[in-house]
Amino acid sequence: MKYDLVIFDNDGVLVDSEPVANAILAAYLTELGHPTSYEDSLRDYMGAAVHRVHDLVLERTGQRLPEDFDETLHARTFAAFERELEVVGGVTEVLEKLVATQVPYCVASSGSHERIRVGHHRTGLDLWFHREIVFSAQDVGRGKPAPDLFLHAAERMGVAPERCAVVEDSVLGVRAAVAAGMDVYGYTAMNPAAKLAGAKRCFGAMEELPALLI
């Protein structure tokens, strides 16, 4: 087998959450007096933990976001997920093939554990990802683009970084996986291949992924 572990990003790779979450984030920041378009949100925050939002707003404006920013953002995002979130097409088939070929997998997401659980429950992915193979930026000190989360996931799964494949769709996520010394496969649904520099290969449909991994 090519790899001993496949690490999936969550948002945009397993669940089609990026359009929903970034629209909500952009609207909320604009509401707070920090004009942000949907495209701005994708460029600056896609694939990042929420602390990046605080850091960039403070850096650019000298202003801190409200103390309840995270709580409000999460509440709005989770409510939207419950209404409209869907699994990324072809993901279930990919997971079935990994199980059939006995390739271990896990998820390593910039989102909180609660965000991951909400999305997986809504889409049925909780049947595929039990708690022991779900890792969040909450588990480490630094989120993507730092390699910490991917290295943490590999360590917990007992696999050397060089034996891991990462499936990512964000610029920050690809940078993190490369920094961790892992092969990265870039899913181009939200970002063109040119933006996912560092990926070993890029692909546009989940049906293409098993042949790259197995």
message = I'd like to know whether Val174 forms a side-chain contact (heavy atoms from CB on, under 4.5 Å) with Lys195, so could you lay out the CA-CA distance, the side-chain angles of the two residues, the decisive distance to 0.1 Å, and finally the verdict.
response = CA-CA 10 Å; Val174 170; Lys195 285 192 173 183; over 6 Å; no
task = Considering non-hydrogen atoms only, spot the tightest contact between Gly111 and Ile116 and give its length.
result = O-CD1, 3.9 Å
message = Salt bridge check, Asp44 against Arg52: does any charged N sit closer than 4.0 Å to a carboxylate O?
response = no
query = With distance as the sole criterion, is a donor-acceptor pair present between the side chains of Asn22 and Tyr45 under 3.5 Å?
reply = no
query = Are any side-chain N or O atoms of Thr36 and backbone N or O atoms of Thr30, one a donor and one an acceptor, separated by less than 3.5 Å?
reply = no
key: Straight-line distance of Glu96 CD to Thr92 OG1, nearest 0.5 Å   = 6.5 Å
task = For Cys106 and Val134, run side-chain contact (heavy atoms from CB on, under 4.5 Å): C-alpha distance rounded to whole Å, both residues' side-chain angles, the deciding distance at 0.1 Å, then the answer.
result = CA-CA 6 Å; Cys106 65; Val134 174; over 6 Å; no
query = Okay, side chain of Thr77, backbone of Ala21: is any donor-acceptor separation there less than 3.5 Å?
reply = no
query = Any idea which heavy atoms bring Ala193 and Thr188 closest together, and the distance?
reply = N-CG2, 3.8 Å
task = Compute the centroid of each ring, for Phe203 and then for Tyr185, and state whether the two points are separated by less than 6.0 Å.
result = no
message = Assess whether a salt bridge exists between Asp9 and Lys144, defined as any Lys/Arg side-chain N lying under 4.0 Å from an Asp/Glu carboxylate O.
response = yes
Salt bridge Arg43-Asp40, side-chain N to carboxylate O under 4.0 Å = yes
query = Any donor and acceptor pair, going by atom type alone, linking the side chain of Arg122 with main-chain N or O of Glu82 inside 3.5 Å?
reply = yes
query = Hey, does the side chain of Asn191 reach the backbone of Asp169 with a donor-acceptor pair shorter than 3.5 angstrom?
reply = yes
request  = Return the minimal non-hydrogen interatomic distance between Ala137 and Ser110, and the atom names on each side.
outcome  = CB-O, 3.6 Å
query = Checking side-chain contact (heavy atoms from CB on, under 4.5 Å) for the pair His120/Leu14: CA distance, chi angles, key distance, verdict?
reply = CA-CA 9 Å; His120 285 191; Leu14 297 177; 4.1 Å; yes
ask   = For Phe8, which of Val88, Leu209, Leu125, Val166 qualifies under side-chain contact (heavy atoms from CB on, under 4.5 Å)?
value = Leu209
note = When every non-hydrogen atom of Met46 is compared with those of Leu172, the smallest separation belongs to O-CD1, 3.8 Å
query = About how many Å separate CE of Met157 and CG of Leu5, when rounded to the nearest 0.5 Å?
reply = 5.0 Å
query = Which pairs pass salt bridge (charged side-chain N to carboxylate O under 4.0 Å, His left out) with one or both residues in residues 145-164, sequence neighbours excluded?
reply = Asp4-Arg163, Arg142-Asp148
key: Residues Glu168 and Ser170: side-chain donor-acceptor under 3.5 angstrom   = yes
note = In terms of heavy-atom contacts, Leu196 and Cys202 come closest through CB-SG, 4.2 Å
query = Taking all non-hydrogen atoms of both residues, which atom of Pro19 and which atom of Tyr38 are closest, and how far apart?
reply = CA-OH, 3.3 Å
query = So does Glu71 have more than 12 non-hydrogen atoms from other groups sitting under 6.0 Å from CD?
reply = no
request  = Any chance you could measure Glu208, atom CD, to Leu213, atom CG, to the nearest 0.5 Å?
outcome  = 11.5 Å
task = Determine yes or no for a side-chain-to-main-chain donor-acceptor pair under 3.5 angstrom, with Ser41 supplying the side chain and Glu39 the backbone.
result = no
Within residues 77-110 or reaching into it, pairs that qualify as ring-ring contact (aromatic ring centres under 6.0 Å, His included) - sequence neighbours excluded = His74-Phe78, Tyr105-Phe129
Ile133 side chain near Val107 side chain, heavy-atom distance below 4.5 Å = no
inquiry  = Working note: Val87 + Trp128, criterion side-chain contact (heavy atoms from CB on, under 4.5 Å); need CA distance, chi angles, decisive distance, verdict.
reply    = CA-CA 12 Å; Val87 68; Trp128 295 91; over 6 Å; no
query = Considering only heavy atoms from C-beta outward, does the side chain of Arg117 approach that of Arg131 to under 4.5 Å?
reply = yes
query = Would a hydrophobic clustering, with Ile, Leu, Val, Met, Phe, Trp and Tyr connected at side-chain separations under 4.5 Å, put Val159 with Leu98?
reply = yes
task = Check whether the side chains of Asp70 and His51 place a donor and an acceptor atom closer than 3.5 Å, and report yes or no.
result = no
